[in-house]
Number of protein chains: 2
Amino acid sequence: MATEAVENYLKAILTLSQESDAADATITRIAAVVGVTPSTATTMVKRLDRAGLARYERYGAVRLTAKGRRAASDVLRRHRIVELFLVQIVGLDWSEVHAEAERLEHAISPRLLDRLDEMLGRPRSDPHGDPIPDADGRSDHARPGPITACAPGAHAAVARVLDQGAEFLQFLARAGLTPGTRVAVVAIDSIAGSITLKPEGRTALTLSLPVAQRILVTPAF
Amino acid sequence: MATEAVENYLKAILTLSQESDAADATITRIAAVVGVTPSTATTMVKRLDRAGLARYERYGAVRLTAKGRRAASDVLRRHRIVELFLVQIVGLDWSEVHAEAERLEHAISPRLLDRLDEMLGRPRSDPHGDPIPDADGRSDHARPGPITACAPGAHAAVARVLDQGAEFLQFLARAGLTPGTRVAVVAIDSIAGSITLKPEGRTALTLSLPVAQRILVTPAF
DNA sequence: TCTAGGAGTTTGATGAGTCAAACATTCCGC
DNA sequence: GCGGAATGTTTGACTCATCAAACTCCTAGA
């Protein structure tokens with residue numbers, strides 16, 4: 001189990017990368033969210049990298065690995081369920097619950113969490129509209145959509161492929177575009193009708209937009 | 001605010017010194033309760049002394065100062081209210097809540113604690129019979145009272161018997177209700193004017209309330 | 001009264017988490 | 001494309017919490 005501090009960094013990185021304006025999770029921003037100095041954040045992010053929870057290179061942006069994303073989702077889930085519980089069952093005010101949940105989220109067992117979730121009727125989002133990741137770390141936030149809807153520069157995870165033809169699937173497999181794979185959208189050229197993708201650990205490739213449209217992705221954090 | 005570790009040491013010292021058999025809070029015992037090695041406990045107890053929370057001299061017993069007792073009481077109060085809350089409101093089983101409360105007690109704010117206390121009707125003891133210190137750190141601890149004042153389901157230890165008649169005492173001895181014995185209050189039927197008790201290791205028995213009133217007990221841990 | 005062994009202490013080490021200050025790199029505006 | 005501002009990194013230091021190993025103290029029984 002990750003320490004409290006590690007959980008806080010993971011959560012910070014996840015929420016930063018989820019922010020609409022596609023802001024990278026940079027050291028300074030992470031430090032600001034967690035409430036430490038940049039030097040501390042640097043040290044910690046290195047630890048996350050060593051632990052396989054994030055990927056990071058000097059002067060580069062920080063990205064969570066699948067494992068890190070899973071862990072961060074879990075923290076977020078705990079946070080939001082606790083918040084909702086404190087408001088709906090205990091009757092605290094929304095203004096008070098954030099700070100409270102900030103501490104309780106690290107102390108709650110899976111068993112108790114599930115019980116609270118049950119009492120609340122297994123909510124899918126909190127009243128802020130923030131999605132509550134399910135017990136498997138998935139959140140509605142990321143309803144899969146065609147990769148062609150991603151902004152250039154975005155990262156996503158392949159979720160589903162609509163074309164079931166063997167030839168197409170084999171092509172995707174060779175390219176490294178299997179479900180679960182992270183992929184970066186390098187460029188979209190609507191005039192040429194093409195999209196350039198770079199699957200993690202592979203070389204980039206260019207597809208036609210109609211073909212790419214059959215590849216559904218969820219935004220990656 | 002004391003760290004989590006400090007709170008755990010304080011709690012350990014308080015419960016050790018409260019134990020009926022007048023056992024001193026020694027380093028080895030504290031270490032065992034907290035779950036660390038004696039060398040660690042020595043180091044920590046020195047810190048408690050420096051912080052004015054405990055008094056301690058080399059090779060001597062550890063005693064809490066007023067300030068330390070106050071802080072320890074507070075931890076105990078948080079622990080027991082959380083336990084009670086988890087059982088009565090959340091519906092967890094008694095067997096599960098101790099470990100949970102062990103972590104939550106360090107993460108709960110005064111505001112939330114008070115709210116839980118309110119939801120529970122400001123209880124004075126938990127179903128184990130453990131007293132819940134009030135917000136000022138005072139606890140009913142161990143003032144013996146008639147067993148008829150216990151809540152059904154409570155556990156207690158026989159402290160004193162007011163009726164000195166031999167016949168009555170012999171009856172109690174045969175039933176297993178000797179001072180020091182732990183006893184569970186199974187049921188109280190005020191209409192029938194009877195109380196059903198189950199001394200530890202014996203079969204249950206039913207007494208009339210006027211008779212039972214002469215049996216004084218202390219809440220058991 | 002002497003001593004064996006249990007209880008307690010000290011020492012030196014470690015890892016987590018943090019900061020300030022000095023240094024390095026990157027990026028943006030001209 | 002250059003230079004300063006913004007950003008990021010390194011270094012050295014500190015506290016908290018912990019342990020193992022070596023040591024010291026105390027006491028109960030022969």
Side-chain angles (χ1 to χ4, degrees), chain A residues 1-13 16-17 19 21-64 68 71-72 75 102-103 105-107 152-153, chain B residues 1-13 16-17 19 21-64 68 71-72 75 102-103 105-107:
Chain A
M1 191 66 65
T3 66
E4 208 163 303
V6 165
E7 289 193 343
N8 285 334
Y9 282 94
L10 291 175
K11 194 174 50 155
I13 297 169
L16 277 174
S17 28
E19 267 166 15
D21 42 12
D24 276 338
T26 64
I27 289 290
T28 306
R29 278 198 270 249
I30 293 168
V33 172
V34 177
V36 296
T37 62
S39 69
T40 303
T42 301
T43 312
M44 199 55 168
V45 161
K46 282 185 195 166
R47 268 228 279 290
L48 297 182
D49 188 296
R50 259 196 287 116
L53 294 164
R55 284 306 150 213
Y56 149 83
E57 302 171 10
R58 293 162 86 253
Y59 301 104
V62 181
R63 288 168 308 106
L64 295 175
V75 181
E102 205 67 23
R103 279 169 289 112
E105 69 190 13
H106 305 295
Chain B
M1 191 67 64
T3 67
E4 209 164 301
V6 164
E7 290 192 344
N8 286 333
Y9 283 93
L10 291 175
K11 195 173 48 153
I13 297 168
L16 277 174
S17 29
E19 267 167 13
D21 42 11
D24 276 339
T26 65
I27 290 290
T28 306
R29 278 198 271 250
I30 293 168
V33 172
V34 176
V36 296
T37 62
S39 69
T40 303
T42 300
T43 312
M44 198 59 167
V45 161
K46 280 185 196 166
R47 268 227 280 289
L48 297 181
D49 187 295
R50 257 195 287 117
L53 294 164
R55 283 308 150 212
Y56 149 82
E57 302 172 9
R58 291 162 88 252
Y59 301 104
V62 181
R63 288 167 306 106
L64 294 175
V75 181
E102 205 67 24
R103 277 170 289 112
E105 70 192 14
H106 305 294

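FYI, side chains are in, hydrogens and waters are out, and symmetry mates aren't considered; it's all heavy atoms of this structure. Chain naming here is simple, since letters A, B, ... match the order of the sequence lines and numbering starts at 1 in each. Worth saying up front: this structure is predicted, and the values here are computed from it rather than measured.
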Between D:dT18 (C1') and B:N8 (CG): distance, integer Å: 14 Å
Side chain to side chain, A:H106 and B:H106, heavy atoms closer than 4.5 Å: no
Gap between atoms NZ and P, on A:K46 and D:dT11 respectively (whole Å): 8 Å
Distance, rounded to the nearest Å, where B:D24 contributes CG and C:dA7 contributes C1': 13 Å
For atom CE of A:M44 and atom C1' of D:dT10, their distance in whole Å: 18 Å
Spacing of B:I27 atom CD1 relative to D:dC26 atom P, expressed in whole Å: 14 Å
d(CZ, B:R29; P, C:dG6) in whole Å: 16 Å
Polar side-chain contact B:T37-D:dA20 base: donor and acceptor under 3.5 Å: no
Side-chain heavy atoms of B:V62 within contact of B:R55, under 4.5 Å: no
Residue mapping more 5' on DNA chain C - nearest nucleotide basis, A:R50 or B:G60: B:G60
Closest listed nucleotide, where the reference is the side chain of B:T3 and the choices are C:dT10, D:dA17, C:dT18: D:dA17
Distance-only polar pair, side chains of B:T28 and B:T26, donor-acceptor under 3.5 Å: no
N or O in side chain of A:T40 less than 4.0 angstrom from C:dT18 OP1/OP2: no
Given B:R50, B:R63, B:K46, the one that forms side chain to side chain contact (heavy atoms under 4.5 Å, CB included) with B:Y56: B:K46
Earlier contact from the 5' end, DNA chain C, for A:Y59 and A:R47: A:R47
N/O donor-acceptor pair, side chain A:S39 with base C:dA20, under 3.5 angstrom: yes
Length of the line joining A:Y9:OH and C:dG17:P, which is rounded to integer Å: 8 Å
Distance below 4.0 Å between A:Y56 side-chain N/O and D:dT9 OP1 or OP2: yes
Under 4.0 angstrom between B:R58 side-chain N/O and C:dT10 OP1 or OP2: yes
Per A:V36 side chain, nearest of listed nucleotides C:dC19, D:dT18, C:dG17: C:dC19
Rounded distance in Å - CG (B:L16) to C1' (C:dA7): 15 Å
Check: A:N8 side chain, A:V34 main-chain N or O, donor-acceptor pair, under 3.5 Å: no
